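Each remark here refers to the structure printed beneath this line.
Given the structure is predicted, the values throughout are model-derived calculations rather than measurements.
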Protein chains: 2
Amino acid sequence: MRDHAGVTGMQRAELARRTGCNLETVRYYEKVGLLPEPPRTTAGYRSYDGAHERRLRFVLRARELGFSLDEIRELLRLVDERDRPCAEARDVAAVHLADVRAKIADLKRMERVLKDVVAQCGDGTLPECPLIETLFQERNAI
Amino acid sequence: MRDHAGVTGMQRAELARRTGCNLETVRYYEKVGLLPEPPRTTAGYRSYDGAHERRLRFVLRARELGFSLDEIRELLRLVDERDRPCAEARDVAAVHLADVRAKIADLKRMERVLKDVVAQCGDGTLPECPLIETLFQERNAI
DNA sequence: TGTGCAGTCTGTAGCAACTACAGGGTCAAG
DNA sequence: CTTGACCCTGTAGTTGCTACAGACTGCACA
């Protein structure tokens, strides 16, 4: 891990650059309560430190793993408020894992059908397009 | 296939019921140009027939296969305007197939990590939660 | 001291693909 | 002739951002 604790007085652009987060997304996460409002300079500029960076990295990593913002809020609450959050955090992740697996199953079904119709279309010289015919079929043909 | 051609004078609710489409979605698809505006009764009520139903089924089936509304518009244009649309339709599907495969790969990466952390959490009695620790890690650990 | 430019601020609008009202009109049955 | 179930329109909400516009600040350079 990089040094989070030592950094102070970062502006938004530097925080974004250091974390790879989009500049506007930082402000968005603050607005929806995923990140704390940082202190401001006299001119009203946001001033971040290592703790903000660490928290933003947590959010970004959770997003990479497909957690929704609501789920991330829940995980952060567990981080902040509980001594022993492991069981509840595991449950959040288990529910999400089930979602991910369901999505994979959906996409695999799509993939099978698409692969078949693209193959059936061959070089695209058929008078009746198998893809278009498939789309006009009943849906339980999936 | 069910009988599409014979049906006339359907109202929106019946079309929705017959196709399994949400009532409001029918109107939405008309608004965004995926379905033609149907004729109206003197009172201004939409009046659908079998051709509308067939077209809506096409859209719904394409949505089930994950095509975007833009892709579906393109496919419908090929259906309507071309004698031999197979090559172009196949290309639309091939691009979409690549998207689907990329999404599957993304989700499988997520699944691997989630499965591992949930397993590491065990019964949730650990003092340090492996899930939360993982989320505080650098992102290239994925 | 001025001036230019890059940075920051706010609020708002846009994207996909719906979904769900509110507030009104219509129509058939009882 | 009223009741209830349908229909109509427009608009707002959802998720997770992203991209402005228009105003302000702060620093380097002449």
Side-chain angles (χ1 to χ4, degrees), chain A residues 9-35 37-48 52 55-56 58-76 92 95-96 99-100 103 106-107 110, chain B residues 9-35 37-48 52 56 58-76 92 95-96 99-100 102-103 106-107 110:
Chain A
M10 264 184 289
Q11 289 194 339
R12 195 149 54 102
E14 196 189 338
L15 178 66
R17 190 189 50 71
R18 285 175 64 97
T19 56
C21 184
N22 179 294
L23 185 65
E24 298 291 308
T25 304
V26 176
R27 191 159 67 99
Y28 173 71
Y29 285 159
E30 286 167 17
K31 201 177 82 178
V32 299
L34 283 177
L35 301 178
E37 292 276 330
R40 304 291 184 119
T41 67
T42 48
Y45 287 17
R46 290 171 181 81
S47 179
Y48 299 98
H52 292 101
R55 201 163 184 97
L56 177 53
F58 183 101
V59 173
L60 293 173
R61 181 86 166 105
R63 287 298 296 142
E64 276 189 350
L65 290 173
F67 285 100
S68 71
L69 299 192
D70 270 353
E71 286 167 332
I72 296 173
R73 239 186 302 271
E74 171 73 2
L75 291 172
L76 286 169
V92 172
V95 168
H96 177 52
D99 287 353
V100 167
K103 271 183 197 142
D106 280 353
L107 287 165
M110 295 178 199
Chain B
M10 264 184 291
Q11 289 194 340
R12 195 150 52 103
E14 196 189 339
L15 178 65
R17 190 188 50 70
R18 284 175 64 98
T19 56
C21 184
N22 180 293
L23 185 64
E24 298 291 309
T25 304
V26 176
R27 190 159 67 97
Y28 174 72
Y29 285 159
E30 285 168 16
K31 201 177 83 180
V32 300
L34 282 177
L35 301 178
E37 292 277 329
R40 304 290 184 119
T41 67
T42 47
Y45 288 16
R46 289 170 181 82
S47 179
Y48 300 98
H52 293 101
L56 177 53
F58 183 101
V59 173
L60 293 172
R61 181 85 167 103
R63 288 296 297 141
E64 277 190 350
L65 291 172
F67 285 100
S68 71
L69 299 192
D70 271 353
E71 285 167 334
I72 296 172
R73 240 185 299 271
E74 172 73 1
L75 291 171
L76 286 169
V92 172
V95 168
H96 177 51
D99 287 353
V100 167
K103 271 184 198 142
D106 280 352
L107 287 165
M110 296 178 198

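Protein atom CD of E71(A) is 13 Å distant from nucleotide atom C1' of dG16(D), rounded to whole Å. Distance, Y28(B) OH to dC8(D) P: 18 Å, rounded to whole Å. Here the C1' atom of nucleotide dA16(C) and the NZ atom of K103(B) are 11 Å apart, to the nearest Å. Computed from coordinates, the Q11(B) CD to dC8(D) C1' distance equals 11 Å when rounded to whole Å. With rounding to whole Å, Y29(B) atom OH is found 13 Å from dA16(C) atom P. For the pair R73(A) CZ and dG16(D) C1', the interatomic distance rounds to 11 Å; values are reported in whole Å. One atom, CG of L60(B), and another, C1' of dA17(C), lie 13 Å apart when rounded to the nearest Å. In this structure, the CZ atom of F67(B) is 14 Å from the P atom of dC18(C), given to the nearest Å.
Of the possible donor and acceptor atoms, one in the side chain of R73(A) sits under 3.5 Å from a partner among the backbone N and O of V32(A). Side chain of H96(A) to backbone of L65(A): a donor-acceptor contact under 3.5 angstrom is found. Between the H52(B) side chain and the M10(B) main chain, no donor and acceptor come within less than 3.5 Å of each other.
Considering only side-chain N and O atoms, T25(A) lies under 4.0 angstrom from the phosphate OP1 or OP2 of dT18(D).
Among dC8(D), dC9(C), dG16(D), the nucleotide with an atom closest to any side-chain atom of R46(B) is dC8(D). Considering only the side chain of N22(B), dA20(C) comes nearest among dA20(C), dC18(C), dT8(C). Of the candidate nucleotides dA17(C), dG26(D), dC17(D), dG26(D) has the atom lying nearest to any side-chain atom of A43(A).
Residue-to-nucleotide proximity on DNA chain D shows that, of K31(B) and E14(B), the 5′-proximal contact is made by E14(B). Positionally, the nearest nucleotide of DNA chain D for R27(B) lies more toward the 5' end than for the other of R27(B) and E24(A). Taking for each of R40(A) and T41(B) the nucleotide of DNA chain C with the nearest heavy atom, the 5'-most of the two is the partner of R40(A).
A salt bridge links R27(A) with E24(A); the closest basic N to acidic carboxylate O contact falls under 4.0 Å.
Using a 4.5 Å heavy-atom threshold, the side chains of F67(A) and V92(A) count as touching.
Between the base of dG26(D) and the side chain of Y45(A) there is no donor-acceptor pair shorter than 3.5 Å.
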